[in-house]
Amino acid sequence: MLKALFLSGAAFALPLAAAEPIAVTAPHNPILSDGTSFSADPAPLVVGDTLYILAGHDEAAPDQNDFIMNDWQLLATKDVASGKWLHYPRFLKPEDVFKWATPGRAYGAQIIQAPNKKFYLYAPVMQANCSDKDCFGIGVAVADSPLGPWTDAHPAGPIISQRAPVANTIQNIDPTPFVDEDGRVYIYWGTFGQLRGIELAADMITPKGEEVAVKSLKGFFEAPWLFKRNGTYYMAYAGNHAGPNSDCTPAVYHACIAYGSAPSPLGPWTYRGVILPPVSSTTSHDGIIQFKDKWYLVYHTADAKGGGHFRRSVAIDEMQWDDSVTPAAIKQVTPTPRPPSEIGPQRNVAPAAKIVVSNDPVPVQCWSKALNDGIVRVNPLPPDMWGTWNGNNPPKPWIAYQWSAPVKLNASRITFWADHPAGAGEGVAPPKSWHLEYCDGSAWKPVHATSSYGTETDKFVEVTFEPVTTTCLRAVFDASQAGGGTAGVAVEEWEALSVEPVKLHLGESPQVK
Ligand code: FUB
């Protein structure tokens, strides 16, 4: 009998065996939102009246920038809108099934049902006793039910690795298997811009025919997801063609979910567009499925309590089609819940400001929007900050906020980030000095500071000044210089504090009320 606990938006509180699900009520995304269990790399599967989502399990500490993933977990629902899910934590570990695998690195896996009605799990795992440059290999396990028990379908080792079926030098992860209507089986996989595909025999494990290397899906990075609708094959994937004019992402560390289509399972593939803009985690990972007349995109974000780039959580949203074009196009998904349109009252009016920077377009590893996103991470990555480092660093960069209505300010807080010490002439260092200016008509004027301008890193440095009523504020930096070199400047968060708390309207054109 199921031992089901009903917890609100929570994962699990009692130590239960892997086979025992816990009932979760998820009023909104992410599905597991309370920060007790992080979930990543979702792969949906429909069996009868149930939608399953196989997911990895992020266990990195808050300051750890690494994929600590020791097992997979499973979520199941009969009604997405109800928000009621069964959660099977610690569903499966690599070493439980694959005797040739090491523990850990339980990256994105997928389960499909074969024509023989059995279920096959395709899982990237680390091979033990491996001398390859990259020891990830894709193992296959088989079961009579998605809930297992799972046994290794190919105990000799992975069906795909740097040695099989064709020697390669890529990282062999993120498998996406697919059974076509005629019963033929295909699998794609890959990361770091390398996408490979091959047909498998009816046994679901033996490679058949030529392997293809797909080059035509713009910005392909990882997380391919192969599916078919109305005779057209679709490949969704995490893309990272980055830049100020990119349809995908401004910052190279982040990814959008993009897609392409093809007339046959092995291509040729044509890029079609973006399904999901970058999410709050640097990685993005997609799974797409039809369940009870609706199409869904499942993905992950850093939005759970205590979440981060390596503490991700699975989310699900409806996906719509545009059938007025051929092939049918996927409409861009709006993630839910939508951000609030109004926040406050609060003194920090930065979230309502438009950001303008001296070094536009910023280097693609950085992201100006990080300046006023309210997030200061323990161990940030480049897209968690604005910065100037590009190998030819400007000596006097600046960042500015512009409001559509005047604000009355008397303080500002800033968090600098550096990987070099104060006084360095290379890398990213705290600025030699900095000051604040406000606009008065068309002229920039310095504020009358009543405290000093600190340059410490990794914490908020506050500067107070005599009140100014203005529509713009800017921070001007004198970059650190030494030995003829100029260091970069980086800022994680920059707050502009109004004299009194105010309500902020965060619509299309941000305003202060
Ligand atoms: O979770 C580890 C890796 O991060 C996955 O394999 C990628 O798709 C990315 O989500």
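We count ligands from 1, going down the list as the structure has it; atoms in each ligand are counted the same way. Here the structure is a predicted model, which means the values were calculated and not measured.
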Review point. For ligand 1, which atoms sit closer than 4.0 Å to a heavy atom of Ile173?
Key: 6 (O)
Exercise for review: Could you check atom 9 (C) of ligand 1 against the protein and tell me its nearest heavy-atom contact, residue, atom and distance included?
Suggested key: Glu222 OE2, 3.3 Å
Practice item. Look at atom 10 (O) of ligand 1 and say which protein heavy atom is nearest, naming residue and atom and giving the distance to 0.1 Å. Key: Asp41 OD1, 2.6 Å
**Study point:** salt_bridge(Arg90, Glu59) N-O dist < 4.0 Å
**Key:** yes
Study note, to complete from the structure: The closest protein heavy-atom partner of atom 4 (O) of ligand 1 is Arg312 NH1, 3.2 Å
Check your understanding: For ligand 1, which atoms sit closer than 4.0 Å to a heavy atom of Met69?
Key -> 1 (O), 2 (C)
Point to revise | Within 6.0 Å of CG in Asn129, more than 12 heavy atoms from elsewhere | key: no
Point to revise | Residues Arg377 and Asp384 bridged, charged N to O under 4.0 Å | key: yes
Exercise for review: Check whether any N or O atom of Asp174, backbone or side chain, sits under 3.5 Å from an N or O atom of ligand 1, and answer yes or no.
Suggested key: yes
Exercise for review: Indicate yes or no: does Asp132 engage Arg163 in a salt bridge with an N to O separation below 4.0 Å.
Suggested key: yes
Exercise for review: Report, in ascending order of atom number, the atoms of ligand 1 lying under 4.0 Å from any heavy atom of His300.
Suggested key: 10 (O)
Review point. Any N or O of His285 that comes nearer than 3.5 Å to an N or O of ligand 1?
Key: yes
Exercise for review: Output all residues satisfying ring-ring contact (aromatic ring centres under 6.0 Å, His included) with His285, sequence neighbours left out; order by chain, then residue number.
Suggested key: none
Exercise for review: Considering only NZ, NE, NH1 and NH2 on the basic side and carboxylate oxygens on the acidic side, decide whether Arg229 and Asp323 come within less than 4.0 Å.
Suggested key: yes
